[in-house]
Undergrad: 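Below is the structure I would like to discuss, written out as structure tokens.
Side chains are part of it too, since the values below use all heavy atoms of this structure and drop only hydrogens, waters and symmetry mates. Model, not experiment: these values are computed from the prediction. Each chain gets a letter, A, B and so on, in the order its sequence line appears, and its residues count up from 1.
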Amino acid sequence: MLERARRAKDLPKSFSSILGRFVPFPATANISAEQHGNGSLPSVVNSAVFHLETNLHGPTTRTFTGVPICAWDMKSKKPCNCTKSQCLKLYCDCFANGDFCSNCNCNNCYNNILHEIERFQAIKTYLDRNPEAFQPKIGKGKLGDIKPRHNKGCNCKRSGCLKNYCECYEAKVMCSSICKCIGCKNYEESPDRQTLMDLPHYSDTGKIALTCISWEVVEATCACLLAQGEEAEKEDCSICLAEQMILEEFGRCLSQILYSEFQSKGFQME
DNA sequence: GAGTTTGAAACT
DNA sequence: CAGTTTCAAACTC
């Protein structure tokens, strides 16, 4: 995989920029609407990447544990139910996480490849307003802090920050000094919080946290996919075949990633 | 499943 | 920047 990645490093910059879509925001957002719409990007790669994004639900920066250890989450993306936002506002979780909508229950959805111009325009609008609009909400906290915290803090008034209405609680992080919540019970020594934590549903049983997907691994994977896309173009393959080749390459990369992960955790692989 | 509550996002 | 409205998710019944 690394050797393939090294070869792919020599690819033209435009390829790399479009595959930036394969890594989470804000890298995705670096592509302007003009760049995207000029038709110079390889449609084969473009379309395959879209399929990867929509069918595999990755990448996403939101993790169930609230600790964005890696960009990809094993958990499937939760479908949204937007009715009025066209899924192009931050109300929409899919859009806010940098995902396309897929298998959602939304109405009049524009958060898909069919409306990419509108989608990119919306992204651009938000980034102009706030360059960190698509950054993960849970960050590491102040320099030197070990524990993660909500980057903006919450403003809860009635939930005591012990219900999923609260973004801190939902992300399983403590409220911090930047929160403006009233009647907060979401702090380390809180007896109410302790009671909730003792309930069985709180713990994430059966989940596998991927810790091995570093940026280097993501980059290497993207490089492999690019190499495959380029090869497909060189051989003048049909779009369908090219997509298949890229997807198969992705499968191989994924296998290797999971293999390394399981090995590092001491699981026996068949 | 329908209705209510909640708080973030958007708007004024 | 503060107050209000809109929105979608969480929650309750």
Side-chain angles (χ1 to χ4, degrees), chain A residues 24-26 28-29 33 54 57-58 60-68 73-112 115 117-141 148-187 190 192-205 207:
Chain A
F25 285 118
T28 307
T54 49
H57 308 310
T60 171
T61 49
R62 172 172 287 193
T63 65
F64 193 74
T65 58
V67 185
D73 192 345
M74 291 289 282
K75 188 163 67 80
S76 289
K77 180 177 79 62
K78 205 173 57 175
C80 73
N81 300 290
C82 307
T83 56
K84 298 185 176 180
S85 65
Q86 298 179 313
C87 300
L88 287 188
K89 296 197 170 186
L90 295 174
Y91 293 128
C92 174
D93 273 352
C94 303
F95 180 74
N97 288 332
D99 294 324
F100 284 99
C101 283
S102 73
N103 301 321
C104 292
N105 309 310
C106 40
N107 286 334
N108 197 20
C109 179
Y110 276 51
N111 186 27
N112 52 45
H115 297 89
I117 301 299
E118 292 92 337
R119 183 174 185 267
F120 272 94
Q121 190 53 56
I123 290 168
K124 193 171 180 301
T125 304
Y126 280 111
L127 286 173
D128 286 346
R129 196 187 300 169
N130 172 18
E132 295 180 2
F134 295 97
Q135 293 282 3
K137 287 179 176 174
I138 307 301
K140 272 276 165 74
R149 67 170 190 180
H150 196 287
N151 283 330
K152 284 173 66 184
C154 69
N155 299 287
C156 307
K157 292 179 178 67
R158 307 172 72 97
S159 65
C161 303
L162 286 184
K163 293 193 171 183
N164 282 329
Y165 297 128
C166 173
E167 291 201 346
C168 300
Y169 179 81
E170 187 186 26
K172 305 280 186 285
V173 300
M174 301 295 126
C175 287
S176 68
S177 54
I178 54 171
C179 292
K180 299 186 189 77
C181 40
I182 297 167
C184 180
K185 295 171 181 167
N186 184 28
Y187 55 93
S190 163
D192 295 289
R193 184 182 148 274
Q194 208 57 50
T195 310
L196 270 173
M197 278 178 66
D198 290 341
L199 295 174
H201 66 79
Y202 191 89
S203 60
D204 293 342
T205 48
K207 278 191 186 303

Undergrad: Mind calculating the distance between CG (A:Leu162) and P (C:dA10) to the nearest angstrom?
TA: 16 Å

Undergrad: Under the side-chain contact (heavy atoms from CB on, under 4.5 Å) rule, collect the residues that match up with A:Ile182, sequence neighbours excluded.
TA: A:Lys157

Undergrad: Rounded off to whole Å, could you give me the OH-to-P distance for the A:Tyr169 and C:dA10 pair?
TA: 12 Å

Undergrad: Only counting residues at least two apart or in another chain, list the ones meeting side-chain contact (heavy atoms from CB on, under 4.5 Å) with A:Asp192.
TA: A:Leu162, A:Lys185, A:Ser190

Undergrad: side-chain contact (heavy atoms from CB on, under 4.5 Å) with A:Lys163: which residues, sequence neighbours excluded?
TA: A:Ser159, A:Tyr165

Undergrad: Angle between the two end axes of the helix from B:dG1-C:dC13 to B:dT12-C:dA2, five base pairs per end, rounded to 10 degrees?
TA: 0°

Undergrad: Polar atom pairs between nucleotides 2-5 of chain C and protein, under 3.5 Å, N or O only, would you list them?
TA:
none

Undergrad: Counting only heavy atoms and a strict 4.0 angstrom limit, can you tell me which residues of residues 80-88 of chain A come near DNA chain C?
TA: A:Cys80, A:Asn81, A:Cys82, A:Thr83, A:Lys84, A:Ser85

Undergrad: Partners of A:Asn81 by side chain to side chain donor-acceptor pair (under 3.5 Å), sequence neighbours excluded?
TA: A:Asn105

Undergrad: Taking side chain to side chain donor-acceptor pair (under 3.5 Å) as the definition, give me every residue that meets it alongside A:Asn111, ordered by chain and number, with sequence neighbours left out.
TA: A:Arg119

Undergrad: Applying side-chain contact (heavy atoms from CB on, under 4.5 Å), name anything that partners A:Asn130, two or more places apart in sequence or on another chain.
TA: A:Glu132, A:Ala133

Undergrad: Could you tell me how far apart A:Asn155 (CG) and C:dC1 (C1') are, to the nearest whole angstrom?
TA: 14 Å

Undergrad: On DNA chain B, which is the earliest and which the latest nucleotide, 5' to 3', with an atom closer than 4.0 Å to a heavy atom of chain A?
TA: B:dT5 to B:dC11

Undergrad: State which residues pass ring-ring contact (aromatic ring centres under 6.0 Å, His included) with A:Tyr110; sequence neighbours excluded, sorted by chain then number.
TA: A:His115

